[in-house]
Amino acid sequence: MASGGGARRHEVHAPIADGGFLRPRRRRSRPRNLRPGPGRSGGRTGSERYRRAHRQVDRNTQTPPPPSSEAGRNPRGQSMSDQKEIRVRFAPSPTGFLHVGGARTALFNWLYARKTGGKFILRIEDTDQERSTDEATAAILRGMEWLGLDWDEGPNAGGDCGPYFQSERLDIYRDAADKLRDTGALYPCYCTSDEIQARNVAKGEEAFAGYDNHCRELTAEQIATFEGEGRKPSWRLRTPDEGSTFWYDIIYDKREFPNDALTDRVAIKQDGFPTYNFAVVVDDHLMGISHCLRGDDHVSNTPFQILAYQALGWDIPKFGHMPMILGADRKRLSKRHGATSVEEFSKMGILPDAMVNYLALLGWSPGGSGDDVFARTELIKKFSLKKVNSAPAGFDYDKLNHINAQHLKRLEPKQRLALTLPLLQEQGWDVDPEWRVPASNTQGYTKLVLKTLGGRFSSLLRLPEQIGFFFTDDYALDEAAVAEHLGNDAARDRLGRLADACERDLPADEPATKEAFEDVMRATADASALEAGDIIHPARVALTGQTRSAGIFEVMWLIGTPRVVARLRRAAGAE
RNA sequence: GUCCCCUUCGUCUAACGGUUAGGACACCGGCUUUUCAAGCCGGCAAUACGGGUUCGAUUCCCGUAGGGGAUGCCA
């Protein structure tokens with residue numbers, strides 16, 4: 001933990017840190033080498049140059065930007081990024097499936113790009129060799145495709161700023177790191193995390209209290225000793241001890257961190273890979289990212305990243321940190337809350353458009369009053385980063401289901417058919433010419449079946465049970481319904497009479513209309529001095545196996561006379 | 001421990017410092033109907049707490065409580 005010393009620190013250690021201003025500016029003699037070369041060890045940790053370099057961008061650490069100008073929200077007090085092309089990105093690390101939090105982050109970036117005519121870039125952050133897998137990358141890509149979040153640059157899409165896998169950009173990070181080593185902004189640290197923790201504990205602090213800047217001013221001898229022991233350094237970014245680092249967050253407005261609370265974080269790991277915090281800066285800059293929109297959990301990484309931009313002498317993008325998504329219990333969303341990967345939602349019968357609609361509503365709102373159901377195009381039209389909330393949002397399955405049902409209901413007949421046909425195939429359902437139904441093929445028949453569903457077409461999962469009895473005689477029977485409506489002689493007798501009437505009064509060789517079925521049904525009821533309902537309810541159970549269905553006369557019309565009669569007789573004969 | 005953030009009906013949220021605090025989900029009731037949905041109509045339900053500032057605070061400030069995040073050579 002940086003304490004005391006302040007700016008004087010650099011002076012005090014000048015003999016060590018500043019190897020000599022007469023020295024020719026160091027070339028990258030071993031650009032691929034992440035360790036200090038033998039001749040380098042004295043090297044200039046470069047306090048002087050570091051200070052100078054840092055002063056140039058000090059605007060960003062101490063002086064507030066000009067007040068109340070249009071550019072006032074720009075950390076650098078410039079308006080140029082307002083004219084710059086808008087480029088945003090989603091940068092998942094492939095350590096698992098695409099979960100709702102990541103999907104929402106991706107969505108907001110996508111919406112912003114589509115809204116502004118900017119570019120949406122997908123970058124895979126696979127610098128963690130231990131945890132990154134190809135399967136996870138594939139799963140994330142699948143998830144993105146399912147959601148319909150198409151990217152303009154990235155895997156399978158190409159682009160001028162590739163490669164889009166961080167693991168293929170190691171040279172690039174090395175060059176950037178070399179630049180920083182030259183200025184002394186990066187210095188070697190030989191501590192292991194165990195050692196750091198042990199020191200923290202020894203000082204009476206918590207083990208995870210952070211790095212204590214132990215190796216900040218190592219002498220040449222010390223470095224030589226460590227190297228002699230065969231230790232390899234990580235490279236940490238020197239952070240200032242005074243002042244503060246701040247930015248104007250698109251969502252939170254001003255965010256400020258006192259520099260003395262910042263520790264020197266690792267930029268290049270011992271294995272030569274960059275840390276996330278370093279790679280993200282290099283990539284965002286090189287890929288021309290104008291707006292860095294990400295989860296709220298990155299807020300405390302931002303000062304470090306800003307410092308890295310400054311050390312590199314690069315423009316700083318705008319940052320926007322969106323609230324987290326929590327479970328219904330306000331805890332971080334996890335498996336025990338139910339589905340968390342977008343593919344699970346797909347299996348649950350959620351439409352991509354509905355998922356996108358619901359996710360957009362988590363932390364964002366179009367404002368005003370009215371319906372919350374929006375088509376994708378409406379979402380793009382209405383979306384605004386300014387309306388993004390700063391409070392974490394809880395995930396609500398009820399609302400997701402409602403929005404899904406609404407999207408399902410608004411589908412065109414053609415779209416409904418397209419969703420249903422594969423389902424039919426799965427079940428092996430087909431239309432039989434013997435049925436005497438008003439359609440000659442499965443597709444036409446299904447179209448009619450779906451039409452009867454009307455507003456009942458609200459769940460893909462329930463669909464098979466909703467329409468099964470149209471296609472097969474082997475449909476499920478609701479036992480309670482059977483017991484209640486078909487469990488007595490009177491009801492069975494009525495169904496027998498209805499079957500008789502159907503055979504007697506309906507045309508034998510052609511499909512009967514639903515009106516004809518209704519006439520027969522009502523006439524049968526009248527003849528026995530019954531209410532129509534007394535015969536309709538048992539008939540529904542007999543014909544569909546359920547107490548609830550589409551209008552019964554339409555059902556009969558689509559099932560066809562032979563099957564109607566057979567099912568009625570079967571029920572009538574049941575004991 | 002330290003740093004940062006958040007807090008409006010149960011949930012998602014709206015509200016230039018002046019509103020009967022609005023909408024959506026869920027829930028309840030009614031209408032409609034051959035059932036179930038759908039649809040339509042109606043109902044229940046909130047500014048976390050305590051102090052300020054102000055003629056007036058959901059809104060601005062401070063504190064408290066609760067929640068979240070960070071504090072990694074994970075991203």
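Chain identifiers are assigned alphabetically (A, B, ...) following the order of the sequence lines, protein sequences preceding nucleic acid strands; residue numbering begins at 1 within each chain.
- Residues meeting the side chain to side chain contact (heavy atoms under 4.5 Å, CB included) test with A/Gln406, sequence neighbours left out: A/Val373, A/His402, A/Lys409, A/Arg410.
- Between the side chain of A/Thr95 and the backbone N or O of A/Ser132 there is no donor-acceptor pair closer than 3.5 Å.
- For B/rG29, the paired nucleotide is B/rC41, the pair qualifying as Watson-Crick or G-U wobble because both relevant distances are below 3.5 Å.
- Taking atom CH2 on A/Trp247 and atom C1' on B/rC5, their separation rounds to 11 Å, with Å as the unit.
- If you take atom P in B/rA48 and the same atom in B/rA38, they sit 33 Å apart, rounded to whole Å.
- The structure places CZ of A/Phe470 at 7.0 Å from OG of A/Ser549, a figure rounded to the nearest 0.5 Å.
- The shortest distance between side-chain heavy atoms of A/Ile403 and A/Phe374 does not fall below 4.5 Å.
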Would you list the atom pairs, donor with acceptor, under 3.5 Å between side chains in residues 390-398 of chain A and any protein atom, with sequence neighbours excluded?
residue	atom	partner	partner atom	Å
A/Asp396	OD1	A/Asp398	N	3.1
A/Tyr397	OH	A/His337	O	3.1
A/Tyr397	OH	A/Ala339	N	3.2
A/Tyr397	OH	A/Ala339	O	2.8

ask   = Which letters describe nucleotides 15-29 of chain B, given B = protein heavy atom under 4.0 Å from base, S = only from sugar-phosphate, - = neither?
value = S------BBBSS---

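- Base pairing of B/rU59: no nucleotide in any strand meets the Watson-Crick or G-U wobble criterion (both distances under 3.5 Å).
- If you check every strand for non-hydrogen atoms under 4.0 Å, A/Ala393 touches sugar and phosphate atoms only.
- Within the cation-pi definition used here (under 6.0 Å to the ring centroid, within 45° of the axis), A/Lys254 qualifies as a partner of A/Phe246.
- A cation-pi contact, defined as under 6.0 Å to the ring centre and within 45° of the axis, is absent between A/Arg231 and A/Tyr190.
- Nucleotide B/rC9 is matched to nothing when pairs are restricted to Watson-Crick or G-U wobble geometry with both distances under 3.5 angstrom.
- In this entry B/rU19 has no Watson-Crick or G-U wobble partner, no candidate having both defining distances under 3.5 Å.
- For the pair A/Arg567 (side chain) and A/Leu543 (backbone), a donor-acceptor distance under 3.5 Å is present.
- A/Trp557 has its CH2 atom 18 Å from the C1' atom of B/rU34, to the nearest Å.
- Comparing B/rU32 with B/rC44, their C1' atoms are spaced 24 Å from each other, to the whole Å.
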query = Along nucleotides 65-75 of chain B, 5' to 3', which nucleotides get a B, which get an S, and which get a -, given that the test is a protein heavy-atom distance under 4.0 Å?
reply = --SSSSBSBBB

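- Put simply, CE on A/Met322 is 17 Å from C1' on B/rC12, counting in whole angstrom units.
- Ring pair A/His485/A/His537 is tilted by interplanar angle, where 30° to 60° counts as tilted.
- Atom CZ in A/Phe457 sits roughly 15 Å away from atom P in B/rG39 (whole-Å rounding).
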task = Carefully, step by step, assess A/Arg336 and A/Asp329 under the rule salt bridge (charged side-chain N to carboxylate O under 4.0 Å, His left out).
result = CA-CA 11 Å; A/Arg336 82 197 146 77; A/Asp329 54 2; 3.2 Å; yes

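- B/rA48 is paired with B/rU64 under the Watson-Crick or G-U wobble criterion, all donor-acceptor distances under 3.5 Å.
- Taking atom CG of A/Asp253 as the reference point, atom P of B/rC6 lies 11 Å away to the nearest angstrom.
- Using Watson-Crick or G-U wobble geometry with both donor-acceptor distances under 3.5 Å, B/rC74 finds no partner in any strand shown.
- Between A/Trp151 and the options A/Arg123, A/Arg89, A/Met144, a side chain to side chain contact (heavy atoms under 4.5 Å, CB included) holds for only A/Met144.
- Pair check for B/rU35 finds none; no Watson-Crick or G-U wobble contact set falls under 3.5 Å.
- When the P atom of B/rU34 is taken as reference, atom CG of A/Asp519 falls 15 Å away, rounded to whole Å.
- Straight-line distance between the C1' atoms of B/rU11 and B/rC61: roughly 30 Å, to the nearest whole Å.
- B/rU54 makes up no base pair with any nucleotide shown, lacking Watson-Crick or G-U wobble contacts both under 3.5 Å.
- Scanning residues 537-556 of chain A for heavy-atom distances under 4.0 Å to RNA chain B yields A/His537, A/Arg540, A/Thr547, A/Arg548, A/Ser549, A/Ala550, A/Gly551, A/Ile552, A/Phe553.
- Here the separation of B/rC31 from B/rC49, taken at their C1' atoms, is 44 Å to the nearest Å.
- When the C1' atom is used for both B/rA15 and B/rA24, the distance is 15 Å, rounded to whole Å.
- Going from the C1' atom of B/rG43 to that of B/rC25 covers 16 Å, rounded to whole Å.
- The interatomic distance linking A/Asn357 (CG) with B/rC12 (P) rounds to 17 Å, in whole Å.
- For the P atom pair drawn from B/rC40 and B/rC4, the interatomic distance equals 49 Å after rounding to whole Å.
- Taking A/His298 as the reference, A/Tyr276, A/Arg294, A/Asn301, A/His321 meet the side chain to side chain contact (heavy atoms under 4.5 Å, CB included) condition, with sequence neighbours excluded.
- Defined by atom type and a distance below 3.5 Å, a donor-acceptor pair is present between the side-chain atoms of A/Asp264 and A/Tyr187.
- The separation between A/Arg416 atom CZ and B/rA38 atom C1' is 10 Å, rounded to whole Å.
- Under 3.5 Å, the side chains of A/Arg497 and A/Thr524 contain no donor-acceptor pair of N or O atoms.
- Remark: the separation of the P atoms in B/rA26 and B/rC12 is 15 Å, to the nearest Å.
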